[in-house]
Amino acid sequence: MSGPIVVDSVVALRAQIRDWRQAGLKVAMVPTMGALHDGHISLVRIALEKADRCVVSIFVNPTQFAPTEDLDKYPRQLARDLNRLREAGAQLAFTPGVAEMYPTGFATKISVGGPSSGLETDFRPTFFEGVATVVAKLFLQATPDCAVFGEKDYQQLCVVRQLCRDLDLHVEIVGAPTVRDAHGLAMSSRNAYLNEAELVVARKLNVVLRQAAAQLATGADEASTMSGAAEALSSAGFRKVDYVAAREAMTLAPWRRGREGRLLAAAWLGATRLIDNVEVSPA
Ligand code: PAF
């Protein structure tokens with residue numbers, strides 16, 4: 001099986017996509033920052049069910065990292081990523097450098113309201129501006145018919161849907177279920193930072209969230225369930241809990257009992273920040 005075509009310029013990306021369009025082919029995109037794991041590969045598989053060709057972008061986007069965050073140490077492993085894309089059957093890897101995406105003089109930022117308020121934004125105030133700006137650029141560069149995003153980054157998925165609705169970006173956004181290890185830990189490129197002892201603790205995050213979601217579904221008080229979940233995470237060994245919060249599944253407004261909800265959390269293990277989320281059933 002041959003590997004994906006690799007292009008690092010917007011001109012070459014557009015030329016290839018124009019050829020595919022002329023041949024009547026449908027194109028799906030999977031935006032990533034590389035360090036590909038089984039979660040990403042599941043997105044590629046879904047993309048290939050929805051379209052004839054799959055473009056995977058690999059770009060560690062500096063504008064979504066705060067100066068205090070892990071931009072420099074974020075794992076970069078292009079050769080390994082390309083190998084995984086070959087196995088998964090993706091046809092094109094778009095691997096632009098920073099100068100291609102943000103040439104000298106670049107001065108635009110996209111700020112999305114609605115679902116970006118609260119949660120991640122309370123702790124990473126410029127994160128979604130960086131994500132929305134780079135995702136809008138990728139969509140304008142590749143003009144995919146659809147794009148697949150993991151539900152692991154649930155708030156990001158909601159923000160990208162809002163971005164496309166508000167700016168009339170003609171891209172169908174497909175949300176894909178979170179891929180988890182045998183202990184329920186959500187796959188994440190940042191799991192690579194965890195040592196053995198931290199991994200054991202990390203695997204409690206989904207357990208605590210599921211327990212709290214089950215309590216909400218059977219009528220438990222929301223505030224005490226949230227504080228109980230935060231305490232359970234601290235007792236399990238998380239250094240700091242940024243938030244545990246129940247939100248409306250579609251809008252991320254405060255959850256109302258009887259509605260589809262999502263329970264979202266972010267917590268620190270040593271120097272690593274993990275996020276996860278689970279469904280809250282309306283019952
Ligand atoms: O989820 C990610 O990996 C990134 O936030 C994304 C969507 C590729 C934008 O840089």
Side-chain angles (χ1 to χ4, degrees), residues 8 10 13 28-44 46-47 54-66 69-78 80-81 84-85 88 90 92-102 106 108-112 115-116 119-121 123-142 144 146-164 167 169 171-179 186-193 264 266 272-277:
D8 60 9
V10 176
L13 173 72
M29 181 167 220
V30 177
T32 82
M33 297 206 298
L36 302 182
H37 50 65
D38 290 351
H40 294 112
I41 299 307
S42 79
L43 307 184
V44 172
I46 292 170
C54 173
V55 175
V56 178
S57 60
I58 298 179
F59 177 62
V60 183
N61 175 35
T63 65
Q64 69 190 73
F65 289 77
E69 292 180 350
D70 56 343
L71 174 62
D72 291 338
K73 78 165 187 175
Y74 197 86
R76 290 161 172 88
Q77 42 194 45
L78 186 59
R80 188 178 165 280
D81 287 349
R84 292 224 65 180
L85 292 183
L92 192 147
F94 177 47
T95 62
V98 174
E100 182 72 6
M101 293 299 275
Y102 301 114
F106 185 89
T108 297
K109 280 179 189 165
I110 298 181
S111 167
V112 178
S116 74
L119 303 170
E120 286 301 290
T121 299
F123 298 88
R124 309 175 75 193
T126 58
F127 174 67
F128 286 122
E129 228 169 59
V131 170
T133 304
V134 82
V135 168
K137 280 179 68 78
L138 290 166
F139 285 178
L140 293 165
Q141 292 162 347
C146 66
V148 191
F149 289 81
E151 286 183 352
K152 149 84 173 32
D153 298 296
Y154 195 82
Q155 192 177 10
Q156 169 174 279
L157 172 63
C158 296
V159 168
V160 168
R161 287 193 202 282
Q162 182 84 42
L163 168 79
C164 289
L167 296 188
L169 298 177
V171 182
E172 180 200 350
I173 302 303
V174 180
T178 303
V179 176
M187 298 277 172
S188 162
S189 305
R190 289 188 169 101
N191 291 350
Y193 300 151
L264 305 100
T272 307
R273 186 171 183 275
L274 298 181
I275 61 170
D276 200 355
N277 66 87

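As the structure lists them, so they are numbered: ligands from 1, and atoms in each ligand from 1. Quantities reported herein were computed from a predicted structural model and do not represent experimental measurements.
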Note to self: Name the residue from Q155, R273, Q156 that meets the side chain to side chain donor-acceptor pair (under 3.5 Å) definition with E120.
What the structure shows: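 For E120, the side chain to side chain donor-acceptor pair (under 3.5 Å) test succeeds with only one of Q155, R273, Q156, which is R273.
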> Do V159 and F127 have side chains that get closer than 4.5 Å, going by heavy atoms?
Replying inline: no
Check: of Q64, M33, M101, min heavy-atom distance to atom 9 (C) of ligand 1 comes from Q64
- Message: Taking G97's backbone N and O only, do any of them form a donor-acceptor pair with D8's side chain (distance below 3.5 Å, no angle check)?
- Response: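 It does not hold such a pair.
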* Asked: Has the side chain of N61 got a donor or acceptor atom that lies under 3.5 Å from a matching backbone atom of G130?
  -> yes
Item to check | Part of V160 within contact of ligand 1 (heavy atoms, under 4.0 Å) | outcome: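 V160 to ligand 1: no contact under 4.0 Å from either part.
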Only heavy atoms of [X], strictly under 4.0 Å: list the atoms of ligand 1 that pass.
X: T32; answer: 8 (C)
X: P31; answer: 8 (C)
X: V134; answer: 9 (C), 10 (O)

Using a plain distance cutoff, I'd like to know if Q156 has any nitrogen or oxygen under 3.5 Å from a nitrogen or oxygen of ligand 1.
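Such a contact does occur with ligand 1.
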Applied to residues 128-141, the salt bridge (Lys or Arg N to Asp or Glu O under 4.0 Å) test, sequence neighbours excluded, yields none
